[in-house]
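These numbers come from the heavy atoms of this one structure, side chains and all, not from hydrogens, waters or symmetry mates. Labels below follow one simple rule: chain letters A, B, ... track the order of the sequence lines, proteins then strands, and each chain is numbered from 1.
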Amino acid sequence: MTSGSIRTGRAEPGRGLGIRHAVAAALAPALALFAGFAQANPEPGQLNMTRGVTTWSGEPYFLNNVALGVCVVIGIVVFGAMFIAMFRFRKSRGAVPEKWSHNTTVEIIWTAIPVLILMALAWMATGGLVSFADTTGAQMTIKVTGYQWKWRYDYVDYQGKPVSKVGFMSRLDELSDKTRQLHSGLDPYAVTTDGYNTYLLNVDKPLVLPIHTKIRFVITSDDVIHSWWVPSFGWKMDAIPGIVNSAWTNINVPGTYRGQCAELCGQDHGFMPIVVKAVPQEDFAKWLAAQEQANAPAPAATPAAASTAAAPAGHG
Amino acid sequence: MASQVAEGQPGQAHRHGVRRTVVVLAIVVGAFFLLPFVQILLMK
Amino acid sequence: MAHEATHDQHDHHHAPQGFFQRWVMSTNHKDIGTLYLIFSLTMFFIGGSFAMVIRAELFKPGLDLVQPYFFNEMTTMHALVMIFGAIMPAFVGLGNWMIPLMIGAPDMALPRMNNLSFWILPFAFALMLSTLFLPGGGPAGGWTMYPPLSLQSGSLAYVVFSIHLMGISSIMGAINIIATILNMRAPGMDLLKMPVFVWSWLITAFLLIAVMPVLAGAVTMLLTDKYFGTSFFNPGGGGDPVLYQHVFWFFGHPEVYIMILPAFGIISEIVPTFARKPIFGYRAMVYAIACIAFLSFIVWAHHMFAVGLPLGADIFFMYATMLIAVPTGVKVFNWVATMWGGSMTFETPMLFAIAFIILFTIGGFSGLMLALVPADFQYHDTYFVVAHFHYVLVTGAAFAIMAATYYWLPKWTGHMYNEFWGKVHFWCSVVFVNVLFFPQHFLGLAGMPRRIPDYNVAFANFNMISSIGGFLFGASQLIFLGVVVHCAFFARKKAADRVWEGAKGLEWTVPSPAPHHTFEVPPVVRDEELAHGHVND
């Protein structure tokens with residue numbers, strides 16, 4: 001097997017955090033230029049990646065900003081040199097071509113400096129990667145299954161206790177679905193929820209999650225490859241048939257976070273959004289209890305079924 | 001057509017070199033075609 | 001000297017008179033090169049028309065023009081046609097035309113195979129494009145053809161067969177180029193005196209030979225999975241869909257360098273010519289190309305950071321990918337150093353070459369950002385990636401091809417192209433291509449996935465800007481067509497043998513237009529006539 005299998009803890013979280021924070025402090029003024037503002041959902045005219053709302057989502061945001069800053073600086077130096085050359089060494093200004101075509105010193109310098117910059121970037125990226133790979137110590141497990149063209153969520157366990165038969169399909173909301181039909185004549189700008197345009201970014205049943213809880217996702221698919229992506233969480237993970245991938249998140253801020261399927265999965269690939277409703281732990285416990293209650297009237301199922309509650313039967 | 005080919009053709013020594021190059025490269029192509037199949041057999 | 005050697009002969013060796021005999025049965029490297037270039041230009045406009053459909057649908061939110069499935073067919077076919085039909089044949093055409101002229105060979109080593117390599121292509125593309133008109137439609141699972149999705153397509157067999165044909169064509173072309181370069185060089189044309197373009201093609205040809213058979217193997221497995229009951233990639237039968245991605249990208253990453261290394265070679269010819277100064281660090285340039293080619297084999301999984309690779313694999317592929325920035329940086333720095341201290345003029349080829357260096361570097365920057373795995377978890381499969389690879393493929397590969405066309409067109413036709421309209425084409429292209437692709441970075445960062453036919457209104461403004469840029473960039477290419485047609489058939493201004501003042505190399509010692517047969521007697525190579533002949537570094 002080349003990939004897949006659930007990741008087990010092999011990470012040393014926190015390694016490299018010190019240097020990253022030091023760099024962050026040093027670069028803070030420079031970053032302010034293009035750091036944008038932390039948003040939960042895409043905004044018109046948004047220029048930069050979202051900071052996200054989880055304990056980990058700052059990692060990609062930070063790396064994105066640092067790498068962008070490095071690229072901008074190198075770009076200014078290289079393109080600046082080019083434009084100076086284009087201005088100074090023009091035939092129309094009487095420039096006479098020189099004969100040299102080699103200079104070992106500068107060649108060593110411009111090989112070595114990029115290597116050093118890359119090593120610094122690699123160090124920072126490795127730290128973020130290692131902390132992401134550590135899915136141990138999760139207080140909750142959610143199973144995500146991709147279908148053409150909807151998502152299924154199953155609550156596997158919460159605070160160490162198996163969850164009994166809470167799972168549902170989540171698909172594009174009706175208004176978006178009507179509006180998105182070819183020549184529907186409906187206005188995408190009229191699809192709003194709570195004053196925010198949710199055209200193609202709303203579902204009939206959102207995934208409800210508690211905040212301040214380390215949540216482990218196990219992600220798979222029933223047909224073709226999909227990819228589960230909520231930008232505010234800072235990662236996407238492919239949902240692949242026959243393979244169970246895992247990832248984790250720990251949400252800091254209550255709110256509604258929207259995302260989309262990120263792997264081409266057929267004709268309605270653009271129409272299977274993801275909506276996560278993050279609520280305080282007390283609210284979540286109440287919600288979960290209510291869901292279990294509602295699904296209780298069929299206690300015939302064995303308790304073991306709860307941990308693998310995929311059971312897509314009947315959910316066309 | 002034959003005469004047309006002959007016009008632009010390299011000399012005898014070149015032809016030997018060309019033939020050897022083509023044989024070696026053809027073997028490389030065959031090996032790389034089999035590579036994914038071998039990889040899959042090894043992985044299973 | 002080559003000039004005298006060919007001058008008294010070429011008058012007696014005209015091209016065959018009959019149209020069929022000259023073009024269909026041709027074994028002449030120049031005619032076959034022309035055929036490749038015409039084919040490529042045709043495919044460029046066909047693939048471009050697909051892109052126009054895509055940009056028109058994405059002009060504003062809401063589905064207004066096409067069904068989602070047809071949109072997916074357009075994105076898939078746009079990629080397949082542009083990669084295999086436009087960019088690759090254009091480089092093969094340029095190689096066919098210029099490699100024998102640059103190394104002092106009378107023709108390609110295997111002229112009849114050369115004819116076959118070309119004539120396979122029209123049939124392969126007729127087969128592939130015909131699927132658009134068949135019930136069930138064309139391939140719609142992306143040019144990467146990931147199973148299981150690609151196995152749902154009814155046109156898979158057509159696509160697999162046409163990819164087999166294209167692969168055979170490319171492999172034969174690559175064998176031909178290697179055999180030519182290794183065996184047919186004029187005496188005195190040592191390997192390390194060859195023009196960088198020839199070097200870049202030699203290395204590219206090795207990449208082709210290594211990876212096209214791998215692609216053929218991968219798509220063969222798709223075919224047997226769909227029609228013959230095997231389960232290479234079918235999880236239901238014990239297969240692994242991710243394994244396809246590993247095999248595909250083992251082909252796919254060298255493939256993207258196949259589309260850029262000859263471009264590096266072209267730029268390395270043009271910049272010294274118009275800077276009137278030898279290329280800086282000739283050997284470093286050659287070694288950098290070889291180094292990039294080697295690294296291309298060990299970075300494939302950076303296309304797969306979201307499939308759930310083991311941590312160790314993520315780290316290895318991230319480091320290896322970042323390493324590519326070093327030789328690529330060396331190339332960019334060397335081009336800048338070539339300009340430094342030169343005596344520059346800015347004819348159309350040079351303008352395209354300069355735009356290439358700047359815009360390709362921007363594509364390289366976003367490539368470096370994409371290499372950082374945690375950030376890639378966000379970028380992956382968004383418009384940020386779309387912007388990245390269009391910067392390296394359109395303002396990279398396609399701009400280099402246009403630069404090469406303007407650079408060598410006078411040598412091919414014997415007439416100067418219209419410099420004014422060439423410059424109009426350049427400025428329109430360089431402005432609109434940025435209007436087209438730069439906003440796509442922002443779309444990706446804001447969270448717009450790629451390959452979607454419709455989007456939330458938050459993405460509306462940048463999509464509209466991008467579409468306007470797209471339409472104008474597309475229209476600008478009609479100027480290119482006009483300039484080329486004018487130069488080939490209507491231009492009056494004769495081109496000199498040495499078309500450009502600062503041009504060096506054997507191709508400028510033959511008359512313009514290059515006679516049907518050149519270098520039937522190997523030229524005497526004098527080092528000072530070569531671009532790098534006297535260079536010891």
Which of the residues [options] is involved in the greatest number of heavy-atom pairs with chain C at under 4.5 angstrom?
{"options": "G266(A), A81(A), G234(A)", "result": "G234(A)"}
{"options": "V115(A), T179(A), N103(A)", "result": "N103(A)"}
{"options": "S57(A), A262(A), A67(A)", "result": "A262(A)"}
{"options": "S221(A), P114(A), A122(A), C261(A)", "result": "A122(A)"}
{"options": "K91(A), R90(A), M82(A), R93(A)", "result": "K91(A)"}
{"options": "P44(A), A95(A), G270(A)", "result": "P44(A)"}

Which answer fits [X], side chain, backbone, both or neither, if we ask what part of it has an atom under 4.5 Å from a heavy atom of chain A?
{"X": "V332(C)", "result": "side chain"}
{"X": "M318(C)", "result": "side chain"}
{"X": "T382(C)", "result": "side chain"}
{"X": "P61(C)", "result": "both"}
{"X": "N456(C)", "result": "both"}
{"X": "I358(C)", "result": "both"}
{"X": "F459(C)", "result": "side chain"}
{"X": "F346(C)", "result": "side chain"}
{"X": "P147(C)", "result": "backbone"}
{"X": "E73(C)", "result": "neither"}
{"X": "A371(C)", "result": "neither"}
{"X": "D454(C)", "result": "both"}
{"X": "I354(C)", "result": "both"}

If I take atom [atom1] from residue [X] and atom [atom2] from residue [Y], how far apart are they, to the nearest 0.5 angstrom?
{"X": "H441(C)", "Y": "M49(A)", "atom1": "NE2", "atom2": "CE", "result": "12.0 Å"}
{"X": "I76(A)", "Y": "F83(A)", "atom1": "CD1", "atom2": "CZ", "result": "12.5 Å"}
{"X": "L323(C)", "Y": "C291(C)", "atom1": "CG", "atom2": "SG", "result": "7.0 Å"}
{"X": "M304(C)", "Y": "Q245(C)", "atom1": "CE", "atom2": "CD", "result": "5.0 Å"}
{"X": "F333(C)", "Y": "W340(C)", "atom1": "CZ", "atom2": "CH2", "result": "14.0 Å"}
{"X": "N234(C)", "Y": "Y244(C)", "atom1": "CG", "atom2": "OH", "result": "15.0 Å"}

**Study point:** Side-chain donor-acceptor contact under 3.5 Å, S150(C) with Q152(C)
**Key:** no

Practice item. Scan T193(A), D173(A), T192(A) and name whichever one has a side chain to side chain donor-acceptor pair (under 3.5 Å) with T198(A). Key: T193(A)

Selection from [options] maximising heavy-atom pairs under 4.5 Å formed with chain A:
{"options": "D64(C), L151(C), L149(C), V66(C)", "result": "L149(C)"}
{"options": "G444(C), G341(C), P235(C)", "result": "G341(C)"}
{"options": "F384(C), F365(C), Y69(C)", "result": "F365(C)"}
{"options": "L368(C), I452(C), L63(C), T361(C)", "result": "L63(C)"}
{"options": "F462(C), F274(C), F70(C), F71(C)", "result": "F462(C)"}
{"options": "G502(C), A375(C), G342(C)", "result": "G342(C)"}

Practice item. Evaluate the criterion side chain to side chain contact (heavy atoms under 4.5 Å, CB included) for residue pair E263(A) and Y146(C); output intermediate values, then yes/no. Key: CA-CA 10 Å; E263(A) 178 65 56; Y146(C) 282 0; 3.6 Å; yes

**Study point:** Heavy-atom check, side chain of P241(A) versus side chain of V224(A), under 4.5 Å
**Key:** no

Report the relative orientation of the aromatic rings in [X] and [Y]; use parallel for angles under 30°, tilted for 30 to 60°, perpendicular for over 60°.
{"X": "W143(C)", "Y": "W249(C)", "value": "perpendicular"}
{"X": "W335(C)", "Y": "F356(C)", "value": "perpendicular"}
{"X": "W235(A)", "Y": "F217(A)", "value": "perpendicular"}
{"X": "H102(A)", "Y": "F280(C)", "value": "tilted"}

Check your understanding: Can R180(A) and D268(A) be said to form a salt bridge (charged side-chain N to carboxylate O under 4.0 Å, His left out), step by step?
Key -> CA-CA 11 Å; R180(A) 64 105 175 169; D268(A) 288 350; 3.3 Å; yes

**Study point:** For the student: nearest non-hydrogen atoms of G142(C) and T76(C), plus distance
**Key:** N-OG1, 2.9 Å

Please flag which part of [X] lies under 4.5 Å from any non-hydrogen atom of chain C: side chain, backbone, both or neither.
{"X": "L186(A)", "answer": "neither"}
{"X": "M119(A)", "answer": "neither"}
{"X": "Y189(A)", "answer": "both"}
{"X": "Q148(A)", "answer": "side chain"}
{"X": "E107(A)", "answer": "side chain"}
{"X": "V106(A)", "answer": "side chain"}

Check your understanding: Judged by atom type as modelled, is there a donor-acceptor pair below 3.5 Å linking the side chain of Q46(A) to the main-chain atoms of N48(A)?
Key -> yes

Exercise for review: Find out whether the Lys NZ or Arg CZ of K277(C) is both under 6.0 angstrom from the six-membered ring centre of W100(A) and within 45° of the ring's axis.
Suggested key: yes

